Colleague: 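Attaching a single structure in C-alpha cells format; questions to follow.
Quantities reported herein were computed from a predicted structural model and do not represent experimental measurements. Quick note on labels: first sequence line is chain A, next is B, and so on, each numbered from 1.
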Amino acid sequence: MPELKSKRPTHTTDFIPGNDARHNSFLGNPVIDNLVSTVIALGTELWAVKRRNKIVESLLAAKRPVTLEAIETYVPTPEEEKTWAADRDAMIKATYGTFASNVGAPMAAPTKERG
Amino acid sequence: MFNRRSILQSAAAALAAGTSTEAQAKSHLLPVDVAPRGSVGKLERLPSVDLESKHDFLTGMMAFINSDVSKAQRERMVVLAKQAGYAENQDVPLEVAQKLYDNDPVVGTRTRMWNSSHNHEHYLLDEAFHANADAYLAEMEAAEKVGPGSLKLDPALKIPEYTRYEIHQQPGGYCGNAFAGHIYHYATNQFYRGANDQDERHSGYAAGCPVPAKGEVKRILDLGCGIGQLATAMKARFPNAEVHALDVAAPMLRYAHMRAVDIGSEVHFKQALAEATGYPDGHFDVVISYILFHEVTAEAARKIIAEMGRITRPGGVFYPMDFNPVTAPSPGRIYSTWLDHRYNTEPWRLQWTQQVDVAAEMRKAGFNVDDQRAPGQTFGKILAVKTA
C-alpha cells in the first residue's frame, strides 16, 4: 500500500496481510507468472493510449479544441461507448486469445504421447 | 503542465469561484466534491482519463477471462478428471482435485490471469487515491458534517480479527485502508463486468426484496452494508422508510455515507458488529444483506443470525443473499471454489458453505424459513419471516 501523505484521520485499523496470489506461482515458474502479469499490465497501457487517440479523433471530428482538459473531461457518447467496448474486446481477443486455447491432452506429456 | 493534480486544483478553484464546467455540472450534492471529471449518473468518474481507460481494459479482460479462458479451463478440467478415472460430475475430496489440477498449465493460466488482472486493478486504484489522499480524506470529512442521513462511527469498537483480512485481495482489506470504499467500488464494478456502474445489481435485489405480509415497512436495515449500494437502493424503493446500514469497517462506511450524501439518499450508517448491533428488540420490519455471510466465520454467522432474530419484529423479514454450498459437485467446481477461498482471500467462504446449517440456525432464531437457493446455483437467497 502506498505511503499516506496526509495527517487527516483515516479511521483505519491494523489489517492482516492475506493476499499472496500476486507472488504465488501458478505456472510452475514464478518468472512465467510474472511475465503473464506484465503482459496484462502492458495491455492496460496500450488500451489507455488507444482510447486517448479515440478521444482526440472524436474532438477533431466535432471540430472542438483539442486541449488536455478537453481530453481529460471528454464524455463518450453512448454510441462511442458501444463501439469502443467492441474495439477493446476485439483487441483483447486478438492479443490474448491464445491463452483461451485448450490443448486437449496434458501439455506436460511428451510430444509423441500427444500424437 | 496539465496533470492530475492540476485538474484537482482547477476543479477546487472553479468550485470556490462558483463557476461551472462540463464536468462540474454533473457533480452532485457534496459540500466538497473531489470529482475533477464529474459523474456519469451515480458513478463519479475516475480521476484521470488514463486510469479510466485502464479500468475499462481490465473490465474487458476480466470478462474475457471469465468467459473464454474459463471455458478452456473447464474443458481441460474435464479431460484431466476423465484421464484419471473420475466422472465429470463426481464428488471427490479436495485433495484429489488439487492433485488433478495444481500443476496443470491451462488451469494455472486462468488462475494467473484472473489474479493478475484483479491485483493490477487494485494496484492502480490504490495508487490513484493515495496520490491525492488529503483531498479525498477532506471530501469524506466534509460529508460527515452534513446530510441527508448520518454516519455514526465507534472509535472504541474492538475490530475482530476475522474482519481484518485482505478480503478479495483488496490492499489493506476493508478496515486497514483509508480508501477501502473507493477501491471496493471500482474494483467490484470490474468484477461485475461494468454492469453495475449505476447500482443496477443492487437495485434489482432491492426490487425483489419481499415485504412483511402485515404492517408497514417503517424501518429497514442493510446488514454488512459495505459501500451502501443496497441501502440506497432500498431507500429508493421505500422512500418513506427509515433506512439504516451497518458495517464493521469505518473506511467503507465513510465512503458509503459520502456517496449517499452525493446522490441525495437519506441513509443512517453505523459502525458496529453484525453480531451485536445495539439496535432495540424487534426494531426492523426488513433486514436485508448481500454477500455478508461468506465473509464472516461460521461462529460469527451463527451469532449474527441469532441477533437478526432479536432485532427483526414479529412478521418482519430477514432476507440474506450469498454464496451457496456446492450442490452439484465436480472435481473442477470443488477445485475452483477452493481457489477462490485460498487465493482470492475469501478466508471464511468454505466455513459459510460447509459448516453453517443456515435454515436450522434461522429456525433457532425464531424465523420461518423459505430456502430459495436453487440446486447447482452458486448464489442464492433465503427468505426468513419472524414468527409472531
Colleague: Please classify the contact of Leu46(A) with chain B as side chain, backbone, both or neither, using a heavy-atom distance under 4.5 Å.
Modeller: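 No part of it gets close to chain B.
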Colleague: Quick test of your reading of the model: are Arg349(B) and Glu295(B) salt-bridged, counting only N-O distances below 4.0 Å?
Modeller: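 Salt bridge absent between Arg349(B) and Glu295(B).
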Colleague: Under the criterion side chain to side chain donor-acceptor pair (under 3.5 Å), which of Lys152(B), Arg254(B), His257(B) is the partner of Glu144(B)?
Modeller: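 The passing option is Arg254(B).
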Colleague: Can a salt bridge be assigned to the pair Arg37(B) and Glu52(B) using a cut-off of 4.0 Å between side-chain N and carboxylate O?
Modeller: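 A salt bridge links Arg37(B) with Glu52(B).
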Colleague: Between Asp197(B) and Tyr192(B), is there a side-chain donor-acceptor contact under 3.5 Å, judged purely by atom types and distance?
Modeller: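 No.
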Colleague: What part of Glu141(B) gets within 4.5 angstrom of chain A, counting heavy atoms only: side chain, backbone, both, or neither?
Modeller: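 Only the side chain of Glu141(B) comes within 4.5 Å of chain A.
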Colleague: Please classify the contact between Leu27(A) and chain B as side chain, backbone, both or neither, with a heavy-atom cut-off of under 4.5 Å.
Modeller: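 Interface part for Leu27(A): side chain.
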Colleague: Find the one option among Leu124(B), Val107(B), Val69(B) whose heavy-atom pairs under 4.5 Å with chain A are most numerous.
Modeller: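 The residue among Leu124(B), Val107(B), Val69(B) with the greatest pair count is Val69(B).
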Colleague: Checking an interface table here. Which of residues 110-118 of chain B come within a heavy-atom distance under 4.5 Å of chain A?
Modeller: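 Result: Thr111(B), Arg112(B), Met113(B), Asn115(B), Ser116(B), Ser117(B).
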Colleague: Less than 4.5 Å apart, side chain to side chain, heavy atoms only: is that true for Met61(B) and Gln190(B)?
Modeller: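 They are not in contact (no side-chain heavy atoms under 4.5 Å apart), so the answer is no.
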Colleague: At a heavy-atom separation under 4.5 Å, does Ala138(B) approach chain A through its side chain, its backbone, both, or neither?
Modeller: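 Both backbone and side chain.
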Colleague: What distance separates Leu253(B) CG from Asp247(B) CG, expressed to the nearest 0.5 Å?
Modeller: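 Answer rounded to 0.5 Å: 5.0 Å.
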Colleague: Quick one: do the Ser58(A) and Glu80(A) side chains pair a donor with an acceptor below 3.5 Å?
Modeller: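 The criterion, which ignores hydrogens and geometry beyond distance, is satisfied for Glu80(A) and Ser58(A).
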Colleague: So, taking the atom named CD1 in Ile183(B) and the one named OH in Tyr255(B), what distance separates them when rounded to the nearest 0.5 Å?
Modeller: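 Between Ile183(B) CD1 and Tyr255(B) OH, I get 10.5 Å after rounding to 0.5 Å.
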Colleague: If you count heavy-atom pairs within less than 4.5 Å of chain A, which of Cys175(B), Ala250(B), Ala178(B), Pro155(B) leads?
Modeller: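 Of the candidates given, the most pairs with chain A belong to Cys175(B).
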Colleague: Any salt bridge linking Asp87(A) with Lys54(A)? Criterion: basic side-chain nitrogen under 4.0 Å from a carboxylate oxygen.
Modeller: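 Yes, this pair counts.
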Colleague: Rounded to the nearest 0.5 Å, what's the gap from OH on Tyr184(B) to CG on Asn189(B)? Could you check?
Modeller: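 CG of Asn189(B) is found 9.5 Å from OH of Tyr184(B).
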Colleague: Taking atom CG of Leu58(B) and atom CZ of Arg88(A), what is their separation to the nearest 0.5 Å?
Modeller: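 That separation rounds to 10.0 Å.
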Colleague: Hey, which of Thr44(A), Thr38(A), Thr67(A) has the most heavy atom pairs under 4.5 Å with chain B?
Modeller: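 Of the candidates given, the most pairs with chain B belong to Thr44(A).
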Colleague: Of all the residues in residues 8-15 of chain A, which have a heavy atom that comes within less than 4.5 Å of a heavy atom in chain B?
Modeller: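 Answer by number: Arg8(A), Pro9(A), Thr10(A), His11(A), Thr12(A), Thr13(A), Asp14(A), Phe15(A).
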Colleague: Side chain from CB out, backbone as N, CA, C, O: work out which of these in Asn177(B) comes under 4.5 Å of a heavy atom of chain A, or both, or neither.
Modeller: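 Backbone plus side chain of Asn177(B), per the 4.5 Å heavy-atom cut-off to chain A.
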Colleague: Contact part of Asp33(A) toward chain B, heavy-atom cut-off under 4.5 Å: side chain, backbone, both or neither?
Modeller: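 Contact with chain B: backbone and side chain both.
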Colleague: Measure Asp56(B) against the heavy atoms of chain A and call it side chain, backbone, both or neither at under 4.5 Å.
Modeller: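 Contact with chain A involves both backbone and side-chain atoms of Asp56(B).
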Colleague: Counting only non-hydrogen atoms closer than 4.5 Å, does Gln271(B) touch chain A with its backbone (N, CA, C, O), its side chain (CB onward), both, or neither?
Modeller: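 Looking at Gln271(B), nothing touches chain A.
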Colleague: Not counting sequence neighbours, which residues clear side-chain hydrogen bond (donor to acceptor under 3.5 Å, both in side chains) with Glu81(A)? List them please.
Modeller: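 Residues passing side-chain hydrogen bond (donor to acceptor under 3.5 Å, both in side chains) with Glu81(A): none at all.
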Colleague: Check each atom of Ile159(B) against the heavy atoms of chain A and say whether the ones under 4.5 Å are side chain, backbone, both or neither.
Modeller: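 Answer is side chain: those atoms of Ile159(B) sit under 4.5 Å from chain A.
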Colleague: Heavy-atom distance under 4.5 Å to chain A: side chain of Phe179(B), backbone, both or neither?
Modeller: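 Side chain only.
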Colleague: Quick one: CE on Met91(A) to NZ on Lys50(A), what's the gap to the nearest 0.5 Å?
Modeller: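 That separation rounds to 6.5 Å.
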Colleague: Does Ser67(B) have any side chain to side chain contact (heavy atoms under 4.5 Å, CB included) partners at least two apart in sequence or in another chain, and if so, which?
Modeller: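 If we apply the side chain to side chain contact (heavy atoms under 4.5 Å, CB included) test to Ser67(B), skipping adjacent residues, there are no hits.
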Colleague: Strictly below 4.0 Å, N to O, side chains only: are Lys54(B) and Glu121(B) in salt-bridge contact?
Modeller: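 Result for this pair is no, no salt bridge flagged.
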Colleague: Can you tell me how far CD of Glu346(B) sits from OH of Tyr165(B), rounded to the nearest 0.5 angstrom?
Modeller: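 Answer for the OH-CD pair, Tyr165(B) versus Glu346(B), is 13.5 Å.
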Colleague: Specify which of Gly172(B), Ala63(B), Ser70(B), Pro171(B) makes the most heavy-atom pairs with chain A at under 4.5 Å.
Modeller: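 Sorted descending by pairs with chain A, the first entry is Gly172(B).
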